[in-house]
Protein chains: 2
Amino acid sequence: MAYLDRGLASNGGHGAGGAAFSAREAVPFSHIKTQRHHEHTVLFYEGDPADRLFELEDGVVMLYKLLPDGRRQVVEILNTGAVFGVPGHDVYDCSAESLTPIRVSSFDRREIETSATLQKQLTRCLMSQMETLHDHAVLLGRKSAVERVATFLMRLVPNRGGVGCLGPADGKPQDEFNVTLTMTRQEIADYLGLTIETVSRVISDLKRRGFIKIERQDHIRINNVCGMCQLTGAH
Amino acid sequence: MAYLDRGLASNGGHGAGGAAFSAREAVPFSHIKTQRHHEHTVLFYEGDPADRLFELEDGVVMLYKLLPDGRRQVVEILNTGAVFGVPGHDVYDCSAESLTPIRVSSFDRREIETSATLQKQLTRCLMSQMETLHDHAVLLGRKSAVERVATFLMRLVPNRGGVGCLGPADGKPQDEFNVTLTMTRQEIADYLGLTIETVSRVISDLKRRGFIKIERQDHIRINNVCGMCQLTGAH
DNA sequence: CGCCGTTTTGACACTTCTCAACTTACGTGG
DNA sequence: CCACGTAAGTTGAGAAGTGTCAAAACGGCG
């Protein structure tokens, strides 16, 4: 939802079940497959031949890259509606792994050339992902550890933290919110360009200062949404 | 050239003068403008209405984002053939500024919808930019200051440092190379997520260790391309 | 209940940033 | 053509933030 819907004229949410490409014209001999996977399933590895393009119909997927010495950077977190496995050249430039149980459909990459509808949807999706990547470059290049974690948590609050964050002065519609993490501390660290210890320390610190409450490891209540927003560095 | 050509079947370089979209069908009433600008001209600011899409026909452009307190992150460096001003939603998500004298053409954003050729070219360009952004996320999130600067310099060496770097074991085709910088130290720092002082210190250090020679501020000779490649962290 | 993987905490090291001073490069005008 | 002024770049010393390594605490599951 997050990606494909952005920039679209509002069409009342996500339509029938999240498969944004499902309404396209029938393509003879198109090899469209829909698959289900458990969490922590690797869909493809960086360097694999990039013959198929994926659309995430449900669940969360992360894309990551590795340096030869083992350092990892998670480059994107994808939600329902996102397209991935996009072939910049002939091999995938990063690995894809599910963070939750997922449902994905996949196409032969050549279908991009043939289907105008597919093309159009793909373009729209890529444009949104590009913006997300720009934001993330700011996070990685210029934000402190606290700002990174606060930004990460705020992105999980609807209408806050993302591209279209409304800012602090929207009449405090809700001042607390529960977020559910689909990522481990290590995955969060690799996404935010930090170590697991730093992520843990920042979360403990936010807890100590009363901004959040850890209901469970993967279940955090934000007590002060507006206050947290101030910590992101974006306001 | 760098962006649009990647992933294309080799068609012998860049064709007629770099205008990748110039061969598209004629569009009635399309408002295509070609403009020239000096270096350090701002083409648009983050937050401006995103009504036009640009193609860089010649020169270098940087895209950057600012945080409210003035911290800047340069998110992309664009070369001939790149498309920018891509509308993820209704306003530009970053500012665009020329680093050299440039020639750009611009379109009404609605033409994306109408022209299939434009659409196709745009998709290809976005896919390449996406890969570059992924690489840059690794740089910003996981690389040391030396690795960042080495990576930056290596990207200026043809066939090295970029997505398709051949690695160190390709029979030392050239062990030295001259690169010309189009960016100031401050711009490099803001691109690499460092301070100007750190960039300066790293460059001085590389000089001291014999990897490079500073011919002029904006003209660096890499004495040991393979050695420099090792410093990037990618090998 | 006990084990194992994940997370948290602590102490310390190291890289990068900050602030300041100094040097170099470049353009203008005498 | 040289002197000067300003902007850009370099260098230094110390501070701050984050990383590293190690150990303890926690939580889920057999």
Give the rounded distance in Å between these two atoms: CD of Gln186(A) and P of dT8(C). 12 Å
Residue pairs involving residues 60-87 of chain B (criterion ring-ring contact (aromatic ring centres under 6.0 Å, His included); sequence neighbours excluded): Phe54(B)-Phe84(B)
Please give the angle, rounded to 10 degrees, between the axes at the start and the end of the helix from dC1(C)-dG30(D) to dG30(C)-dC1(D), where five pairs define each axis. 30°
Spell out protein contact along nucleotides 19-30 of chain D as letters: B when the base is contacted, S when just the sugar-phosphate is, - when no protein heavy atom is under 4.0 Å; keep the 5' to 3' order. SBB---------
Does Ser204(A) or Ala145(B) map to a spot on DNA chain C nearer the 5' end, using the closest nucleotide for each? Ser204(A)
Looking only at heavy atoms, what is the nearest atom pair of Ser128(B) and Gly88(A), with distance? OG-O, 4.2 Å
Please report, rounded to the nearest Å, how far the C1' atom of dT23(C) is from the CD1 atom of Ile196(B). 14 Å
Roughly how many Å is it from CG in Leu192(B) to P in dT15(C), rounded to a whole number? 18 Å
Please list all pairs meeting salt bridge (Lys or Arg N to Asp or Glu O under 4.0 Å) that have one or both residues in residues 218-235 of chain B, counting only residues at least two apart or in different chains. Glu215(B)-Arg221(B), Arg216(B)-Asp218(B)
Indicate yes or no: at least one non-hydrogen side-chain atom of His89(A) is less than 4.5 angstrom from one of Met127(B). no
What residue pairs, at least two apart or across chains, pass salt bridge (Lys or Arg N to Asp or Glu O under 4.0 Å) with a residue in residues 59-70 of chain B? Asp135(A)-Lys65(B), Glu46(B)-Lys65(B), Asp69(B)-Arg71(B)
Asn223(B) and Gly210(B): which non-hydrogen atoms are nearest, and at how many Å? ND2-O, 3.1 Å
Derivation of the salt bridge (charged side-chain N to carboxylate O under 4.0 Å, His left out) call for Asp190(A) and Arg142(B): CA-CA 9 Å; Asp190(A) 287 347; Arg142(B) 288 296 177 221; 2.9 Å; yes
Please give, in whole Å, the distance from dT8(C) C1' to Ile203(A) CD1? 11 Å
Asp190(B) has an atom CG; how far is it from atom P of dG9(D), in whole Å? 12 Å
I want to check something: taking the side chain as every heavy atom from C-beta on, are Met228(B) and Ile212(B) in contact at a cut-off of under 4.5 Å? yes
Are side-chain heavy atoms of Val61(A) and Glu97(A) found at a separation under 4.5 Å? no
Considering only NZ, NE, NH1 and NH2 on the basic side and carboxylate oxygens on the acidic side, decide whether Arg201(A) and Asp205(A) come within less than 4.0 Å. no
Quickly work out the Leu140(A) CG to dT18(D) P distance and round it to whole Å. 13 Å
Specify the separation, in whole Å, of atom CZ of Arg148(A) and atom C1' of dT18(D). 10 Å
Would you mind reading off the distance between Asp205(A) atom CG and dG10(C) atom P, rounded to a whole angstrom? 12 Å
Which heavy atom in Leu153(B) sits nearest to a heavy atom in Val179(B), and how many Å separate them? O-CG1, 4.3 Å
Write down the protein N/O and nucleotide N/O pairs, taken from nucleotides 2-5 of chain C, whose separation is under 3.5 Å; answer none if there are no such pairs.
none

